[in-house]
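Notes follow the structure.
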Amino acid sequence: MLQLWRFSALGILLSLFSLVPGESWVDDPAEYVLSENRTRDSYDTLLWGPYRPNLYFGVRPRIPKSLMTGLLWAKVDSFQGVQNNFRHTCEQHEGMAGYGWDEYDVRHGGRQTIHDAGNSVDITTEFVKTPGPRGGTWAVRVKGTPREDAPARLMSTVLFYAGMEGFGSLSVQNQRDDSGILGSVVLEGSSNELRDFELKITEGPSTNLHPPPNHKSYEGKPLDRSMVASLQVPEGAMWQAKSLIFAQMKEEIDAMIALYGEDNPPPPWATFTIANDIKEGNMHVVQKVFEGSFEFDIIYSSAEGPTTITSDDLSEMIEDTSIQFGKRFKKLLAPRAPFNKSKYQDFAKSMFSNLVGGIGYFYGDSVVDKSYAPEYEEENEGFWQETAEARMRQGRVRLEGPSELYTSIPSRPFFPRGFLWDEGFHLIPVADWDMDLTLEIVRSWFNLMDEDGWIGREQILGQEARSKVPEEFQVQYPHYANPPTLFLIFESLIDKLQEKLSTEEKSIRSAYLQHPTIAIDYLRNLYPLLKRHYFWFRKTQWGDIKSYDREAFSTKEGYRWRGRDTRHILTSGLDDYPRAQPPHPGELHTDLISWMGMMTRSMRRIAETIGESDDASEFARYETAIVRNIDDLHWNKKEQTYCDATIDDYEESVHVCHKGYISIFPFLTGLLPPDSPRLKAILDLISDPEELWSDYGLRSLSKSDEFYGTDENYWRSPIWINMNYLAVKSLHDIAIRTGPHKSRATAIYTSLRKNLVDNVFNEWERTGFAWEQYDPETGAGQRTQHFTGWTSLVVKIMAMPDLSVEEAVVHGEL
Ligand SMILES: *[C@@H]1O[C@H](CO)[C@@H](O)[C@H](O)[C@H]1NC(C)=O
Ligand SMILES: *[C@@H]1O[C@H](CO)[C@@H](O)[C@H](O)[C@H]1NC(C)=O
């Protein structure tokens, strides 16, 4: 329903626009947000970006079925293994010595460096954009520099493609020439949303060298020219550009071998080329072959201005973008002592830039099982077997959508799609940088909600996204939840609204903050969705207190994740953390009630901010009841920690205690006040090296737990940065308030902050990458490589204050 409404509303706006010639262009972005004329494509500095983060480089607009571009390259100095040299999608273990954005700002652009050791070349992509109607202009400078160990005469081939999905046109403006194009290649295109535009691929500076003409093939196909081939690609197949280009290349190779004979084939750099075949089509591929270092530009200009740019302009813009980025970074996210040194500065910039450089736009349908099976309610003992059978029996999985999503991602090579609970963490540093962008992303997520209030936890939209996920993991179930971390962002927004804003902060990033009325409007518009989502959680993830005569302040505030089986609760996010065995419908989960506490607090604050005072009192009542029930239902006196609860063989409610992240969840979610009588025990637990403390951060499971390091060992010892961030934040909040544990919290905060940052930094230096998790014994980064999602929270941790000076005395206490 909602989706339909949005698309038709957009349609109407678009058609209105075509009736209004020369609509006014608002210069001041804040004015723009205020203006009544905003539509998402008339003024939008967020329209264009490298929004295909699964590729090393691929620009597209935030428009479904529109212009798709991408870059490929390969070393072609021998025939051996050339096919494996072609880079396109980010892959782990592809011989990369690190890659990613050194600097990147979603509004202006930045610089990416790809240390392609396998191809003996460093590729940089310097991307810039200038705002204007229809998203304005963007350009990228592609450079290749042979690495130190490169062969003396490194031959590289580079391909750039642009394709128009859906309605619209795209054609090559140059005259067809069977021996290739000299000078720039110019594509012209048009679509309803983009209007007329031009895409120019320049020849590059005269310093570019090309392989020597030492074979007869050079006469037909001189390599100092660009090869251009046109393809007609069926709807929905554009993402398979690499295979399509390979197929084209193969035909050409076969033809050349036939022409010159197998005894005298052209050299590899001439062999691995596409045909010169300009014709009608919806995808056009431009290929260049270089010897040694190279450089060329790709420049997109909208016919509606502001102006087209030249390569000289581009040089200036690139420099300026870098300077502006540095200034803004220093102001907003500079590492604070003891990390105020240049090496941490570069590291922080890179981590942050990869987080925002990973933001993508996704569009497509998704696989959902919306069939109703009573077993899905997981109310019977043995439910986990029944649900599995019900799934097989139902088999009424269907494609829903299409929907769109604007989001950051956990990892470009491995998880290039939206994950609900990751996103709340991703946006924590982004909110400090660009609140308007943050709110745009939050809105995009809430627009995915169905009529009941459900949002799928993993957004695998379209075939391209599905191609990376095994089939059994593609299905989303509408009774499955995921931690509601986006509510952390509303708290951050409200905190910022309550802080006095310095005038310096006036810029496009904070129209919402500068004009609290717009922020309140935003919250008010989203509020019905937030409530729907909140009550969906209460309804579907409720836990049973009454049936088991549990004693608690409230008979309602207990919670249980749905979607568990014997080994996992994937929905909790902490997949294999030890839980009650066997699973039981009478379980109550510590982490979930804590998330509910955080979400309720956030809802209460939102209701207060927008003046919904009746609602605010209702949420306040829930909040009190949740906080009381956390103690009544989950605190275990003997173990001195919080524990899950289940029902034993005698039908009694009992605790299941596994010390680790879950047993400190009320603390992690900020639900323990500084004078809580439970706080001392929590601080003891996290600072004890025999339990959670390690030199590299807090372990997910206590070293003393029987399951420590066992089985999949995913959340059973490794150090995760998202949870550690929550610990640092909670410690900080206790350290800056008066209370009996102030100095202890300060000391732990100071050491934990240092351990975390040092280790992620050292591993980044050692391996060239950020990692999904870290080994608690050695600190080594492990599992997914290039995990620049929530591991980027180190940027936020570095930017937090150094409290050690004030409390130097207490260090001995740890
Ligand atoms: C909105 O559009 C109308 C009609 O084009 C124009 O007169 C008005 O000035 C615009 N308002 C702003 C704030 O740009
Ligand atoms: C880092 O910050 C500390 C505390 O503010 C200050 O004393 C020190 O001089 C700074 N170091 C550098 C290199 O700026």
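One-based numbering, in listed order, for ligands and for the atoms of each.
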- Query: Can you list every pair that meets salt bridge (Lys or Arg N to Asp or Glu O under 4.0 Å) and has a residue in residues 766-785, with sequence neighbours left out?
  - Reply: Arg699-Glu777, Glu763-Arg766
- Task: Take Phe667 and Leu731 through the test side chain to side chain contact (heavy atoms under 4.5 Å, CB included) and record every step on the way to the result.
- Result: CA-CA 9 Å; Phe667 163 76; Leu731 287 165; 3.9 Å; yes
- Less than 6.0 Å separating the ring centroids of Trp771 and Trp720? no
Which protein N or O atoms sit under 3.5 Å from any N or O of ligand 2? Give each pair with its distance.
unit_1	atom_1	unit_2	atom_2	d
ligand 2	2 (O)	Asn340	ND2	2.2
ligand 2	11 (N)	Asn340	ND2	3.0

- Where at least one partner belongs to residues 670-680, residue pairs that pass salt bridge (Lys or Arg N to Asp or Glu O under 4.0 Å), sequence neighbours excluded: Asp631-Arg678, Lys680-Asp684
- Contacts of Pro677 meeting side chain to side chain contact (heavy atoms under 4.5 Å, CB included) (sequence neighbours excluded), chain-then-number -> none
- Query: Looking at the rings of Phe761 and Phe347, which for Trp means the six-membered one, are their centres under 6.0 Å apart?
  - Reply: yes
